[in-house]
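Labels below follow one simple rule: chain letters A, B, ... track the order of the sequence lines, proteins then strands, and each chain is numbered from 1. All of these numbers come straight from a predicted model, not from anything done at the bench.
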Amino acid sequence: MSAWSEVRRLARLRHAELAPATDELVPAAVLLAAAEEKTGVKRIPRPPNDVLLDGAEAAYDRDCRHIYYSNATEPSLANFHIAHEYGHHWLDATDTACDHAELSVSTPAEPGMSSVGEADAYSPKERAEAQANLFAREFLLPREKLRRRCSRGDIDARALATDLGVPVDLVMQQMADALLLPDERDIEEERRPEEPPDDSQGEAIRAPAEARMVRAGPGTGKTRTLVGRVAHLVAEGEDPSSIVALTYSNAAAQDLAARIRAAIGERATALWSGTFHAYGLEMLRKYGGAIGLPVELKHIDRTDSLMLLEELLPKLKLDHYLDLHEPLRALASILNAISRAKDELATPEDYERCARQMLDDAADEPSRLAARRALEVARAYAVYEETLRERGWLDFGDLIARSVELLQKHPEVRAAIREEKRHILVDEYQDMNRASGVLLRELVEPGRGPWVVGDVRQAIYRFRGASPTNMSRFPQDFPGAQTTDLSVNYRSGGKIVRTFEAFGIRMGCAPLSSACVLTAHRGDDNGEVHYELATTREAEAYGIATTIQSRVAAGGTFGNHAILGKTHTVLARIASVLESAGVPCLYFGDFFERPEIRDLLALLSVVAEPKGVGLLRVAQLPQYAIPPGDITPMCAWRRAQRVPMLAAVRRSAEIDGVSEAGRQGLARLAADLVDVDWPMTAHSFLMRYLFGTGTHLRRLLDDESVAGQQRRLAVYQLLLVAFSFKAPSDVDPKRAFLDHVRRLEVLDEEKQLRQLPAAAVDIDAVRLMTIHASKGLEFPCVHIPSLTTRHFPSAARPEPCPLPAGMLDTDSLMTRDAEEESVFFVALSRARDILFLSRALTNGGQSTKNPSRFLAHVASHLPRPLDGAAGWTAVGPPEPSWPLLWAPPLGGELSSRSLEMYLTCPRRYYYEHVLELSGSDEATPYLKFQSALHATIAWMRSVASPQEREDGLAARFEDDWTRIGPSDHPFGPVYRSVAEKMLRTAVSVMGGECLPTERQVRLPATGHVVRCRVDHVEATTGGIVIRRLKTSTLAKNEKAEPRYALWQAAVLNDHPGQYCSFEHVSLLDGERRATRVEPSKVEEQLQAFEEAIDGIRSGCFDPKPHTWCPTCAYYFICPSHGVTL
DNA sequence: CGTTTCACCATTTTT
DNA sequence: TGGTGAAACG
């Protein structure tokens, strides 16, 4: 972070020097003239293809002291280009020519924090360009002046841009930074010098240039020692360019780089520090030609990899891993397996060999199935890898694996690299997996290192192949290795040190860890450890809230407290209780369910989705205040006219049945959306909407509370996500963005967005994060909730895509329990002063003995017994309940389908059938596949003779498929072959005389008539059979759904006295299973429909959250978070 | 003492 | 949705 805020600080300084002494913003022309005057660097316009421009838009010639810019550029943009070149003048030491792609007004404020999708491995040139962009922006429009201007008057980016002679996009981007991000502390250098090392640290620092392993427990000054080692080497006269310091994460790399720079100053520039992956990329850029890599390497991130697999799906010939509803979900699992395989340096051939071996060894059907699944993954891996190589792309795993290949196949390259980089240092050595371990051995000249530091007990990344035994194998891997133990903890009070040490010595990996017990530098009596029980999870969260409040009342700050959860689910639950109790916290919860985010997504839905159901939510915004009753006629009109919702909004004057207030609100909305067009991106739309009119933004800005600040940060985060999203070229990019949001949610990638952006560090609020994210950090007060049996440790869920047996050498420390122990150990050791442990007894209040078994190991350090009465019994104020909406009149005939929708989610029924927001669901390829399949099955029923069926089937299916199937979709062929297989199953199942499937039945209690469509009914010699035709495999025990009872009641009603049986059929694999539905049960099940009717009549339409919510058409308008709508 | 039903919980994440 | 473990049922 520091480098970027430093750039901004310099830009502010230059602005202050050059601008007239005023608080007002200054026109670009004035600033640039002053810059020319001051620096003597002339601005020279040239024709676009002039040789001096070198093919670029603008260029800086340091020797001639000239800035050249194209005279064909629009003047305000040219001003930005010139300011950018002055940025190069002040920031760098070289000549530059900057082309179109490099000159961007929208470079994010903290490029490192663009979290999703961006692989921000900057090359030095890219970094210099990004910094010049930031410089230009801050130089032309300093945040503080801009903020003052906006707080005084209207927020109108366009007017401001015209006044100042700068591009409107630049004004908007700068407004986003100035108005949405909190104040940046203007501190020149806040880095303190490193403390002098203690004896054991000194020993490690001054060790000879041989293999050395430093075992460093929590808080023992691990990084300080590593930095000290670097400083020592440099002081001893080693060339900084011969030193490489490797880490695993970007965060650790940034921290390390900053501290090395603080320790050795400018000389740090020559030293290489960064992640293993970045170093791999560096080597492949330089020497990759030797293994056939192209000059320009293209490195792809996880999203790109998934998109590649999606593109390849028709070639993968999936069977076991074909997820018909959401193919991406299965592809994500396969991708996990592929990257795990690459962590083990296993090629597709290795994968296939292991899978074949598995098949040979398989003794029973389940293991044969597992082997066949592994073979399928092996095939997918082979196709994926082949394509990567064809295109010359590298994924994350390749950065390591192909580096290993380079070094092993080309000893001359290896020798050159070893000669140049003589000192290899590695941080967090316990996180080393097989691939990085092999790479390290190739990098190190035998006898000359490496120097590594780590702590086995903190190995929390075993699930991705990091084996703690690596540390114990260090002496074998690097003969002659010496070991140093750091034994003084500087972080925590003694009571806390003794608590985590007590746990540490009983961990499975303890024998591999250092034998010495940590000494608490801060004294044995320092620190507090608390343990509290609560009646329920809500009471636990509320107890934490009140504890924090009383500590703050006694003079602490919210920012001192951190809540470390094992899962995001835990954190989200606690965050919502804290927020409603008035405790500020730094955690977004489910990002796309936040009200301020939903408001903006709903707007996007209005402008980009044809059905535009987002209008219902947009209508509630105070600036429009459109009565909800007006939305139904709007939807009906756009359906009748067959136009998208945006057109309906623009033509609202023509629509009957809209109230006067509604008309006015719609006119205001249409005015705000006036310049929206098809090719506009989501990012551009959001920027224009927020900073072009200001009405929406004003409300966001008027809230000075921490919650208000958090809402602004969430909006900023959304802008970042939209900015980094690249839409495919042939669709509306705004609509593609909404699909992308749904996809992030379905694939669970949304969780990355829950952490607040780096700009939030200075806010005084409780920090909530996962234990994994807390590694390497420390906090004065740490809360660890949810310490119950089932949660901590929790049972491993079976991998959807396990690696084949024999690919990993499993050892006793790669178990789940051992890993969970490390997670707990990391959590305990984050606290400086106070550690709060807590758990909830089961729901309801009768106490159950459910303490985490990890607690037993620290029991003697806790202030109370593990079990006992709950001290926390209070819960906060109840969640607001949903308002009662009006009860609609019920039509005479009800369909089973709509009542089932009510049963799964009453809110969805309300949108669909009460407000009638849309006609039908979006046709996904899966749904199209379904309708084509069922159309052909219906035809089969209508044809009596088996021979006729046999003869006509192919032609009939061909017709149905081209008419209603997903034949134009890229996955069409995949679905088609499945459908053909299913039809064959359907044929084989039909034995008797097909009976009508459209039925109806009168419910016994209310007397309502309900229509239903049975999947299939047949009259056979043994009686009537009802069949449920599933497109998936049968579950172990198929649940009795209410509609099955309805089918049975309807059929029995039509054929009184007949024997009626029920059979589940899987069209996928042909499995058939008969189920008995007792008549008494039928009545009971029908009760569900009666209750649904009651609910509809009395206007109960509460949402019922499900995992599949993101696929619902009303996802963006649904209030799942206590906002009334 | 089997079987059925009910309540509870659904990972962690980096490059 | 769907698997698991504990309570309830017969």
Undergrad: Starting at atom CG of A/Asp323, determine the distance to atom P of C/dT1, rounded to an integer number of angstrom.
TA: 14 Å
Undergrad: Could you tell me whether a side-chain N or O of A/Arg907 sits under 3.5 Å from a main-chain N or O of A/Asp1102, the two making a donor and an acceptor?
TA: no
Undergrad: In chain order, what residues pass the side-chain hydrogen bond (donor to acceptor under 3.5 Å, both in side chains) check against A/Glu1071, with sequence neighbours excluded?
TA: A/Arg1073
Undergrad: Would A/Lys566 and A/Glu820 pass as an ion pair if we require N to O under 4.0 Å?
TA: yes
Undergrad: Using the C1' atom on both, measure B/dT13 against C/dG2 and round to a whole Å.
TA: 25 Å
Undergrad: Return the set of residues passing side-chain contact (heavy atoms from CB on, under 4.5 Å) with A/Pro327 (not counting sequence neighbours), or none when no residue passes.
TA: A/Leu313, A/Phe971, A/Tyr975
Undergrad: Identify all pairs in which a protein N or O lies below 3.5 Å from an N or O of nucleotides 12-15 of chain B, and state each distance.
TA:
from: B/dT12; atom 1: OP1; to: A/His568; atom 2: N; distance (Å): 3.0
from: B/dT13; atom 1: OP1; to: A/Thr770; atom 2: OG1; distance (Å): 2.5
from: B/dT13; atom 1: OP2; to: A/His568; atom 2: NE2; distance (Å): 3.4
from: B/dT14; atom 1: O4'; to: A/Arg464; atom 2: NH1; distance (Å): 3.4
from: B/dT15; atom 1: OP1; to: A/Asn250; atom 2: N; distance (Å): 2.3
from: B/dT15; atom 1: OP1; to: A/Asn250; atom 2: ND2; distance (Å): 3.1

Undergrad: If a protein heavy atom is under 4.0 Å from the base, mark B; if only from the sugar-phosphate, S; if neither, -; do that for nucleotides 4-9 of chain C going 5' to 3'.
TA: ------
Undergrad: Figure out the NE2/P separation between A/His325 and C/dT1, and round it to whole Å.
TA: 10 Å
Undergrad: Could I get the full list of salt bridge (charged side-chain N to carboxylate O under 4.0 Å, His left out) partners for A/Glu405, not counting sequence neighbours?
TA: A/Arg389, A/Arg402, A/Lys409
Undergrad: Pick from A/Asp398, A/Leu306, A/Leu394, A/Leu388: which one makes a side-chain contact (heavy atoms from CB on, under 4.5 Å) with A/Ile300?
TA: A/Leu388
Undergrad: Applying side-chain hydrogen bond (donor to acceptor under 3.5 Å, both in side chains), can you list everything that pairs with A/Asp343, at least two apart in sequence or on another chain?
TA: none
Undergrad: For A/Arg537 and B/dA7, give me the distance from atom CZ to atom P, rounded to whole Å.
TA: 14 Å
Undergrad: Given 3.5 Å as the limit, does a donor-acceptor pair link the side chain of A/Thr788 with the main chain of A/Arg839, or not?
TA: no
